Amino acid sequence: MRFKVLGPLVVERDGEELRTGGSLQRVVLALLLLDAGRIVPLDRLIEATWGEEPPSTARNQIQIRISQLRRMLGDVAQPYRLLLTRPPGYQLRLEPGALDLAEFDALVARAQGEEPVRAVACLREALALWRGPALADVESELIRRIGQDLEERRILAHERCVDLELGLGRHQQLVAELRTAVQEHPLRERPHGQLMLALYRSGRHAEALEVYRAIRDTLRENLGLEPSDELRRMELAILNQEPRLEGPAPRPSVPRQLPPLLSALAGRQAELDRVELLLRPDEAGGGLPVAALTGRAGVGKTELALHAAHRLAPAYPDGQLYVDLRGGQLQPADVLSRFLRALGVGAAPTTLDERSALFRSTVAERQLLIVLDNAAGFDQVWPLLPGGPPSGVLITSRERLVGLAEGQVVRVGLLDHDSAVEVLAQEIGLERAAGEPEEVAVLAKQCGGLPLALRIAGGRLAVRPRWRVRTLVELLSDSRTMLDVLRQGDRAVRASLDVSYRGLSAPAQALFRAIGLLDFPQVPGWLAAALLGAEPGAALGELVEAALLRHSAGRYGMHDLVRAFAGERARAEEDEPARAATVHRAGLILLALAERAHEERYGDSHRLPRGSAPRVELPADLARHALAGLDDERVTLLAAVRQAAAHGLAELCWSITMAAVALYENYGYFEDWRTAARTALEACVSAGDVRGEAAMRYALSTVQVFAQRYGEAGELLESAIVLFSHAGERHGLGLALRNLAQVESFRGDDRRALERYRQALPLLHEAGDRPAEAHAMVNMAGLQDAGGDPGGAEALLGKALEIFRTEGVRRGEAQALDSLARLLLRQGRAEESQRAFESAAAIVRAIGDRIGEVYVMQGLAEAWRALDRPEEAERTLVEVLAVAEPLGDRLITGRIHLSLGSLLGSAEHLEHARGMFAEIGAESLRARAEEALARLP
């Protein structure tokens, strides 16, 4: 996550800007960020939010905002990782590099100990972080005052930077910048003095004196003061043209072969600074200063090299030589002949060695910058190198040049999102970009930060002024044609990718095609091994080195452009059976992972209907933490289901979906569950797989139960029962009957529900599915309690608990404890209820069952209330509400609102509860909410 306070308040996750909430929540977040890492007292948060007259509910409102912020940050599970409760307030913990203010301070501090060039680079990087007045969009007097202090720090850093740059002789480049500074701060003397010096050194003496007269008049009119002694001495020195004011003397520079800069450079400041540092003779340790820019085709190496070379030109006053080596097509001997002519040598020797020796002799005492663009390898570069300083060499190459030290290599990657947007704005014009900002942002993402793609996209729009940006966005939305769209003249993204692909080994090419074919957002190393059928390390390393894969924490991803190209190569080089086999290999290992996760969560005896696909071995580390691994592959899992369906692998498709219930149910990924089941259902119907169709109708019914759509759930279960019977699948039939009983109970038909449970129990017992038997007992206990037999209900729950514990099904144990705790609470046995809830809570937290934790904690809050501990009840409910809302379970969210409304006497919470219960048809709960509303004064 990235937090920005040096300008409008912004929070980003993976480049996407998050909604930071209302004005009060933004004030709380702003103050926590300004004091990140330190405890912010609650009283100070209240002061920042309301000033000296806070409302009586201020403390409670701050707590609610803290809960909302935790939800926004994804910090919803205790113990909290980011936003901690620390008496007497709260503490926000951020990772290094997460906050722009901290980065600014670190860069300014680093500049203090650096020599001038490095110090300027640090300060310019720090100043570039500012996007406007700090937190100007946050409505708080306290924040405004803090923002003024931050602005003073920015101004001081800028003034220090200008002093250093004036000392480096950059006076001409600073004039326009300093004119802006004196306009923004007309009473501040230091920038006026800097502007006077810059103008004087640029030969503009009269203008320098005019600046002095302007500040003198302004100070007299506004403050009745004269300029400071320092400024008056500056005026006198200019009048006398004192030698001490002179800057570094310019030196002649020939030849000048650098191609022109046709556009501004975006997002490469760090690389520019690195190149400048490498090409300083004193940094080379007496050796030849060399910087090599490496990266894949189209990434912008040449553009970056030219900008760096133009920036470095003043440091190489004897000239700049440039040549495009054309990836090895141009011979070193021909290049040397050209260079020697440019340096005034009339006739070149005939052999390469002689030309190289003469070149080194000619440049031995000269400060030349030699730019060798698009080199194929070190053998092509070696004859073109000077013998040592004071010259320097800047090289670009797609390959890592063997022979250069790692410290001499600058890797050029993709542009970040803001820089990509800036490139597009340069191409199509600022006004046009400002007219469709959202579309420009989408287009930047589609181009994947690849400068070649951005330039082509921008160029296509530039020559079509009547096109809307949205038109090109829509054209690029189809992965099958996007590479055709990104072509202009002799420039094409497909061609640049093909250059990189052709340079790969056969195993790396095969893995590249497989990853593109699967269309997985990311691929972990263990899945790459399954796809390749061998240790994938070397192939993955090649793909990362060629910038065709992005690597982070053992995972590998492709941008859409690269994936589209990889898919093209797979379709061009492999037939359909081979492509289906790739999908099948990936699907089998994901199926194994899902089944192991199910076993990990529910126990070995909690079985599922399963297909006949062969089972594969999982890596040991993955098998030990299967559910966590499955959660990591959540998006990949859904993509695998889609791919299996697309290649007609219906049984694999429904088997993965059925096995993944441990992930979907425990973590509340209901939309993923619904999508996977519908995809698999369509595949089974098309393939005539009756058993699979029944399993997917059963799976969809479970999703509908969680969504409280009981009518649809019942219809799906009734059709599943028919299909399971037809297929002779007795275990599936028992599961469907059990779930239909639950639906009948929700519908209010307890008699029919008990009948269904009695039909299901022998089938589940026959299948050896004891956990499913125990689940049925838990639900039957609720019906018996409602029917006036609490003792019988408690006995059933005891049997269910015994089964769950024997089978090691911890989630089932927690559900049974939750039901027992609620039964005890209704009987007035609050202390026993509290202990049962706490036991359930310990289990759901240990297994990471977020839905289960929400239900248990809501019940525990009710137990606290019954024990006359309202503060604990309120704190628990506020915290659990922040977890419940994103999960989309309207039943438990409504119950939390009902509990909060009843506890606090809050009409707002009760209205929320009534609306949610009405939506899902929970009439008895809706009536309870209305009764509570009626009791309010």
Side-chain angles (χ1 to χ4, degrees), residues 506-536 539-540 556 558 563 566-598 608-619 622-623 626 629-630 632-661 663 672 675-693 695-696 699:
Q509 287 184 346
L511 183 58
F512 178 71
R513 293 194 303 270
I515 294 174
L517 174 67
L518 290 172
D519 199 22
F520 291 173
Q522 289 187 322
V523 173
W526 52 265
L527 184 53
L531 294 174
L532 195 60
E535 170 54 45
L540 287 170
Y556 300 84
M558 278 182 178
R563 186 177 291 109
E568 282 185 357
R569 298 318 314 152
R571 290 185 291 274
E573 299 181 34
E574 300 175 13
D575 58 19
E576 172 55 27
R579 297 198 299 271
T582 297
V583 173
H584 195 249
R585 278 200 308 278
L588 285 180
I589 195 165
L590 287 167
L591 173 60
L593 179 62
E595 290 184 333
R596 181 67 188 88
H598 189 276
L608 288 170
R610 55 190 292 179
S612 59
R615 268 45 183 177
V616 298
E617 192 78 19
L618 282 176
L622 195 61
L630 195 62
D632 290 341
E633 305 310 325
R634 173 189 168 193
V635 180
T636 302
L637 195 70
L638 196 55
V641 169
R642 291 193 179 108
Q643 286 292 316
H647 287 271
L649 304 171
E651 187 177 68
L652 179 64
C653 188
W654 75 257
S655 295
I656 294 174
T657 302
M658 180 61 76
V661 64
L663 174 70
D672 284 8
T675 300
R678 284 176 175 168
T679 302
L681 177 60
E682 291 176 8
C684 291
V685 170
S686 297
D689 186 337
V690 175
R691 189 160 170 260
E693 182 183 353
M696 290 303 93

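For clarity, every value in this text was computed on a predicted model and none was experimentally measured. Worth knowing before you read on, the calculation uses all heavy atoms, side chains too, and leaves out hydrogens, waters and symmetry mates.
The CG atom of L649 lies 10.0 Å from the CD atom of Q643; values are rounded to the nearest 0.5 Å. To the nearest 0.5 Å, atom CD1 of residue I515 and atom OG1 of residue T582 are 11.0 Å apart. Put simply, CG on L590 and CG on L638 are 11.5 Å apart, with the number rounded to the nearest 0.5 Å. Taking CG of L517 as the reference point, atom NE2 of H647 lies at 5.0 Å (rounded to 0.5 Å). To the nearest 0.5 Å, atoms CD1 (I656) and CD (E595) are separated by 9.5 Å.
For the pair G525 and P536, the tightest heavy-atom approach, listed with the atom from each and the gap, is O-CG, 3.8 Å. Taking each heavy atom of L511 and A528 in turn, the nearest pair found is CD1-O, 3.9 Å. Taking both residues in full, the closest heavy atoms of A594 and A660 are given as CB-N, 4.0 Å, listed atom of the first, atom of the second, then distance. Taking every heavy atom of both residues into account, E633 and P524 meet most closely at OE2-CG, 3.5 Å. Taking every heavy atom of both residues into account, A539 and L532 meet most closely at CB-CD2, 4.1 Å. Scanning all heavy atoms of the two residues, the minimum distance from A659 to H598 falls at O-CB, 3.9 Å.
At least one side-chain heavy atom of T675 sits less than 4.5 Å from a side-chain heavy atom of R642. Looking at heavy atoms from C-beta onward, L588 lies in side-chain contact with L652 at the 4.5 angstrom threshold. Using a 4.5 Å heavy-atom cutoff, the side chains of M696 and R678 are not in contact. Inter-residue side-chain proximity for W526 and L593 is flagged as met; some heavy-atom pair is nearer than 4.5 Å. Here the side chains of L531 and L518 are in contact, with some heavy-atom distance below 4.5 Å.
In terms of modelled atom types and a separation under 3.5 Å, the side chain of R563 and the main chain of F520 share a donor-acceptor contact.
For E573, the salt bridge (Lys or Arg N to Asp or Glu O under 4.0 Å) partners at least two apart in sequence or on another chain are R513, R569. For Q509, there are no side-chain hydrogen bond (donor to acceptor under 3.5 Å, both in side chains) partners two or more places apart in sequence or in a different chain. Residues passing the side-chain hydrogen bond (donor to acceptor under 3.5 Å, both in side chains) test with R571, sequence neighbours excluded: none. Every residue was checked against the side-chain hydrogen bond (donor to acceptor under 3.5 Å, both in side chains) condition with T679, not counting sequence neighbours, and none meets it. With sequence neighbours excluded, the residues that form a ring pair (Phe, Tyr, Trp, His ring centres under 6.0 Å) with F512 are Y501. Annotation: side-chain hydrogen bond (donor to acceptor under 3.5 Å, both in side chains) contacts of R579 (sequence neighbours excluded): E576.
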What's the verdict on side-chain contact (heavy atoms from CB on, under 4.5 Å) for L527 and T636, showing C-alpha distance, side-chain angles and the deciding distance? CA-CA 10 Å; L527 184 53; T636 302; 4.3 Å; yes

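If you run side chain to side chain contact (heavy atoms under 4.5 Å, CB included) between T657 and each of L591, L681, V641, D672, only V641 comes through.
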